[in-house]
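Worksheet: the structure to be examined is printed underneath.
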Amino acid sequence: MVSSQNESNLLSSEGDSQRTQYPYVTGTSVIGIKYKDGILMAADMGGSYGSTIRYKSVERLKQVGKHSLIGASGEISDFQEILRYLDELILHDNMWDDGNSLGPKEVHNYLTRVMYNRRNKFDPLWNSLVLGGVKNGQKYLGSVSMIGVHFEDDHVATGFGNHLARPILREEWREDLTFEEGVKLLEKCMRNLLYRDRSAVNKMQIAKITEEGLTISEPYSLKTFWNFAAFKNPTVGAEGSW
Amino acid sequence: MFRNQYDTDVTTWSPAGRLFQVEYAMEAVKQGSAAIGLRSKTHVVLACVNKANSELSSHQKKIFKVDDHIGVAIAGLTADGRVLSRYMRSECINYGYTYESPLPVGRLVVQLADKAQVCTQRSWKRPYGVGLLVAGLDESGAHLYYNCPSGNYFEYQAFAIGSRSQAAKTYLERKFEKFTESSRDDLVKDALFAIRETLQGEKLTSAVCTIAVVGVGEAFNILDQKTVQALINEFEISGEEAPADESAPEQSGGAAPDQSGAAAEEEAAPMDI
């Protein structure tokens, strides 16, 4: 007896498989800025499971080939999948063995195609990516979202970073920031996010990429300040108190 | 090369280790009308002889734009050349779509060579009967490659293929040392001279040749007939007049006959181009 059940099993498991509906373990904001010698990127090391901060040593900044750096927010497992795609991409690029190499612009565009294609299949990689790098003296910084929206800018951020960090960057970013100034600026943004983003954790890394190469810092924490008068006796003068 | 019992299939080796079908394919290239290429540090010029079958017909198209930064000149079976040009255009456009960046010439040439090699190792295929001079620009500068039906490819400072290409090669061998530093216009001039060599006394006009240029700041483009004719007139190199060589080569004119003698031998070795 041929039932419609059999039919759907014989054809692909189209009826059974589901598309990605929502993310599970997520990373929060990534911020990237251009500075005098290259690109600086910052991200914390948190992996949230909903409202629980489940993982606190997630590396969300990674090297890609010789010239690029990627930072990701969103679903961590999808980021790991993207890293596998990029690994294969760079591998094949190296296998040509011909002195040509993919630069940050090429990697950014490749990622855009991947993200957009997945979005068209209603099965997105649930990430917002920041892609930065330097090749032949040219600095490049771009961003791709899970639906394939992509652009380049002097400073980019994902998630909450767009709302909390970019206004600071719009005021204080300059073309000729030194490395120290850049780090200070990023820390200012990250501190802001730490105060205001509930999925932020106080353990972050800063990555620097220049023509010479890439370094990702050891994890460290920011100093925070809670000594506000209003926090000392928060209920004084509150509605309904005496 | 004579007809023998090892030349029916491309997948049959001869006892001497030759694949005759592949060598016959390379003969087809030698029978086609001449195409030459030369490059400097910043520009590459392609030129070819374009003879129409009769006054009534149009010219064979032998130079194809593959992308803004790559062009190709062919000699041999032009139909095969057209198909390969379409493949090259496809590869360039797909790479550009994925990476927002021009496909490096070196990679395109390797892909082309691998494609040609496949046809030398399948019993149901035949080798492409066309030689391609690929001119292109990438991050590392200007490049000129020659792709051969055997699947081999080489990079050149200057090269000529097709019938009576030896005359052009002789001319290029005399002049190639100064090509690296040549200006764009000098390169075009040398290309026209080289073409004239292959015409063996026939009048050089823009009706029988085609010139194309690609360079830093200049997308690959085929020069129109009027421009070419103007250049020919300007350089006074049409027809009977003696080659308007710069003085220096005249002094070392003694060296030229030796070089042409040595160059003539190179056709003999099998699988060698």
Side-chain angles (χ1 to χ4, degrees), chain A residues 64-68 70 82 85-121 125 129-145 148-153 156 211, chain B residues 39 41-42 44 66-70 72 87-88 90-118 132 134-148 151-157 180 214-217 220:
Chain A
V64 179
K66 252 195 323 208
H67 308 282
S68 315
I70 185 173
I82 288 171
Y85 283 147
L86 290 174
D87 198 40
E88 200 171 324
L89 180 73
I90 299 297
L91 177 74
H92 286 122
D93 189 41
N94 291 339
M95 271 166 49
W96 282 100
D97 197 21
D98 66 349
N100 289 305
S101 53
L102 294 171
K105 178 185 178 160
E106 286 82 15
V107 177
H108 182 223
N109 231 71
Y110 169 79
L111 287 171
T112 304
R113 291 292 119 236
V114 170
M115 302 299 272
Y116 184 67
N117 265 288
R118 291 291 295 256
R119 165 260 199 202
N120 284 340
K121 296 196 283 191
L125 290 161
L129 307 165
V130 173
L131 206 300
V134 191
K135 190 173 177 213
N136 298 336
Q138 298 271 60
K139 298 183 281 227
Y140 187 90
L141 181 62
S143 156
V144 197
S145 79
V149 174
H150 63 287
F151 49 86
E152 281 172 65
D153 209 339
V156 295
E211 187 76 53
Chain B
R39 73 167 161 106
K41 223 170 22 202
T42 54
V44 195
V66 168
D67 201 344
D68 283 337
H69 67 298
I70 302 183
V72 63
Y87 168 74
M88 292 165 79
S90 183
E91 290 299 299
C92 281
I93 218 167
N94 285 335
Y95 188 92
Y97 175 71
T98 308
Y99 301 106
E100 267 290 311
S101 213
L103 175 58
V105 207
R107 293 200 178 174
L108 179 60
V109 160
V110 172
Q111 283 175 251
L112 206 49
D114 289 347
K115 195 169 158 70
Q117 190 278 341
V118 167
L132 303 117
V134 183
L137 228 54
D138 65 27
E139 270 179 2
S140 47
H143 297 277
L144 173 69
Y145 292 92
Y146 172 54
N147 275 77
C148 164
N152 276 331
Y153 68 96
F154 303 95
E155 183 161 8
Y156 285 96
Q157 186 75 47
T180 312
V214 65
V216 174
F220 185 89

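Just so we're on the same page: letters track the sequence lines, and every chain starts at 1.
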Next on the checklist: In terms of relative ring orientation, are Tyr99(B) and Tyr95(B) parallel, tilted or perpendicular, with 30° and 60° separating the classes?
Outcome noted: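 If you compare the ring of Tyr99(B) with that of Tyr95(B), the planes turn out tilted.
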Tell me, side chain or backbone of [X] under 4.5 Å from chain B's heavy atoms, or both, or neither?
{"X": "Leu102(A)", "answer": "side chain"}
{"X": "Asp98(A)", "answer": "side chain"}
{"X": "Asp93(A)", "answer": "both"}

Checklist entry - Is atom OH of Tyr153(B) surrounded by more than 12 heavy atoms (other residues, nucleotides or ligands) closer than 6.0 Å? => result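 At most 12 heavy atoms, drawn from other residues, nucleotides or ligands, come within 6.0 Å of this atom.
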Checklist entry - Considering residues, nucleotides and ligands other than Glu155(B), do more than 12 of their heavy atoms fall under 6.0 Å from its CD? => result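 More than 12 within 6.0 Å, yes.
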Checklist entry - Where is the tightest heavy-atom contact between Val66(B) and Cys92(B), given as atom of each residue plus distance? => result CG1-SG, 3.6 Å
Item to check | Which atom of Ser68(A) lies closest to which atom of Val107(A), heavy atoms considered | outcome: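 So the minimum-distance heavy-atom pair works out to OG-CG2, 4.0 Å.
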Checklist entry - Measuring heavy-atom distances to chain A, does Tyr97(B) have an atom under 4.5 Å in its side chain, in its backbone, in both, or in neither? => result both
Checklist entry - Of the backbone (N, CA, C, O) and the side chain (C-beta and beyond), which part of Glu139(B) lies under 4.5 Å from a heavy atom of chain A, both, or neither? => result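 Only the side chain of Glu139(B) comes within 4.5 Å of chain A.
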